[in-house]
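See structure below.
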Amino acid sequence: MSWQTYVDQNLVALGQMKQAAILGLDGSCWAASPGFVIPEAEGVDLVSALAEPSTATHGALKVSGYPYPVVQITNTFAHGLKKAAPGQSQGPSAPVAGLCVAKSTRALVVGLYDDTATAGSKAALVVEGVRDFLVSIGY
């Protein structure tokens with residue numbers, strides 16, 4: 001199975017994420033959803049944030065030029081959440097966009113979702129599931 005197939009069938013097709021990618025730990029993109037571009041420098045920054053979670057705790061993770069304030073971060077998983085922009089609907093039903101990143105031995109699995117915080121927990125399970133599979137096959 002190709003890396004693109006993992007992105008298309010094991011991440012996006014499940015309906016929990018609107019875009020996804022698999023990156024090498026050098027920041028290079030192995031596969032991504034159409035139109036989802038993560039510059040190599042942002043990939044390197046994600047790897048660095050996971051390597052030193054304490055430095056990213058009060059910051060934001062940047063993907064495709066958009067910052068996602070950190071909600072949770074460990075050495076193997078990060079979750080960023082972006083609330084509605086000023087001028088948009090606010091409150092519990094406000095639009096939400098989120099980022100989930102899971103690190104395997106040799107790759108990062110990145111997923112973007114929108115909708116509600118509940119979608120975030122489902123997206124996290126999918127991203128971590130693909131990461132766990134990659135670890136099981138040596139990636």
Side-chain angles (χ1 to χ4, degrees):
M1 191 180 311
S2 74
W3 294 119
Q4 191 62 50
T5 302
Y6 285 108
V7 168
D8 296 341
Q9 294 180 4
N10 298 83
L11 292 164
V12 178
L14 296 176
Q16 305 305 322
M17 279 162 278
K18 65 178 186 173
Q19 294 180 308
I22 298 175
L23 310 177
L25 295 183
D26 62 356
S28 64
C29 183
W30 293 358
S33 302
F36 187 35
V37 178
I38 302 175
E40 193 168 309
E42 289 181 358
V44 168
D45 289 346
L46 290 173
V47 172
S48 295
L50 292 167
E52 292 291 331
S54 61
T55 63
T57 303
H58 299 292
L61 303 169
K62 191 183 241 187
V63 171
S64 292
Y66 297 102
Y68 293 84
V70 174
V71 174
Q72 173 190 4
I73 189 163
T74 67
N75 286 43
T76 59
F77 179 78
H79 185 194
L81 189 63
K82 184 169 78 173
K83 298 263 183 183
Q88 289 183 331
S89 170
Q90 301 293 323
S93 62
V96 173
L99 165 71
C100 294
V101 181
K103 180 180 173 246
S104 71
T105 310
R106 296 169 54 184
L108 292 181
V109 181
V110 181
L112 293 182
Y113 65 90
D114 55 15
D115 201 17
T116 66
T118 304
S121 62
K122 291 177 183 175
L125 289 174
V126 172
V127 166
E128 289 180 300
V130 171
R131 183 264 326 267
D132 292 346
F133 174 74
L134 293 178
V135 168
S136 77
I137 61 168
Y139 279 90

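- At a threshold of 4.5 Å between non-hydrogen side-chain atoms, the residues Val126 and Met17 count as touching.
- A 4.5 Å side-chain heavy-atom check between Tyr113 and Leu81 finds at least one atom pair inside the cut-off.
- Pairing each heavy atom of Pro34 with each of Gln19, the nearest pair is O-NE2, 4.0 Å.
- Side-chain contact between Pro53 and Asn75: present, with at least one pair of heavy atoms (C-beta onward) separated by less than 4.5 Å.
- Each of Phe77 and Ile22 belongs to its own hydrophobic cluster when Ile, Leu, Val, Met, Phe, Trp and Tyr are linked at side-chain heavy-atom distances under 4.5 angstrom.
- Under the side-chain contact (heavy atoms from CB on, under 4.5 Å) criterion, Thr55 pairs with Glu52, sequence neighbours left out.
- In this structure a side-chain-to-backbone donor-acceptor pair under 3.5 Å is present from Glu42 to Ser64.
- Contact annotation: the side chain of Val110 approaches that of Phe36 to within less than 4.5 Å [non-hydrogen atoms, C-beta and beyond].
- In this structure, the separation between CG on Leu50 and CG on Leu61 is 7.5 Å, given to the nearest 0.5 Å.
- Cluster annotation: Val63 and Leu25 are assigned to the same hydrophobic cluster (Ile/Leu/Val/Met/Phe/Trp/Tyr, side-chain heavy-atom contacts under 4.5 Å, transitive).
- No side-chain heavy atom of Trp30 sits less than 4.5 Å from a side-chain heavy atom of Val7.
- Listed for the Arg131 side chain is a donor-acceptor partner under 3.5 Å among the backbone atoms of Thr76.
- Separating the CD1 atom in Ile38 from the CG atom in Leu23 is a distance of 4.5 Å, to the nearest 0.5 Å.
- In terms of heavy atoms, Val130 sits closest to Asn10 at CG2-O, 3.7 Å.
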Go through Leu112 and Tyr68 one step at a time and tell me if the side chain to side chain contact (heavy atoms under 4.5 Å, CB included) criterion holds.
CA-CA 10 Å; Leu112 293 182; Tyr68 293 84; 3.6 Å; yes

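- Hydrophobic cluster membership is shared by Leu11 and Phe133, with clusters built from Ile, Leu, Val, Met, Phe, Trp and Tyr side chains linked at under 4.5 angstrom.
- Under the 4.5 Å side-chain heavy-atom criterion for ILVMFWY residues, no single connected hydrophobic cluster contains both Val135 and Val127.
- Without hydrogens or angle criteria, Gln4 side chain to Ala32 main chain gives a donor-acceptor distance under 3.5 Å.
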Determine all donor-acceptor pairs shorter than 3.5 Å in which one atom belongs to a side chain in residues 97-108; sequence neighbours excluded.
{"residue": "Ser104", "atom": "OG", "partner": "Arg106", "partner atom": "N", "Å": "3.4"}
{"residue": "Ser104", "atom": "OG", "partner": "Ala107", "partner atom": "N", "Å": "3.0"}
{"residue": "Ser104", "atom": "OG", "partner": "Ala107", "partner atom": "O", "Å": "3.2"}
{"residue": "Ser104", "atom": "OG", "partner": "Tyr139", "partner atom": "O", "Å": "2.3"}

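- The two residues Ile73 and Ala49 make their nearest non-hydrogen contact at CD1-O, 3.6 Å.
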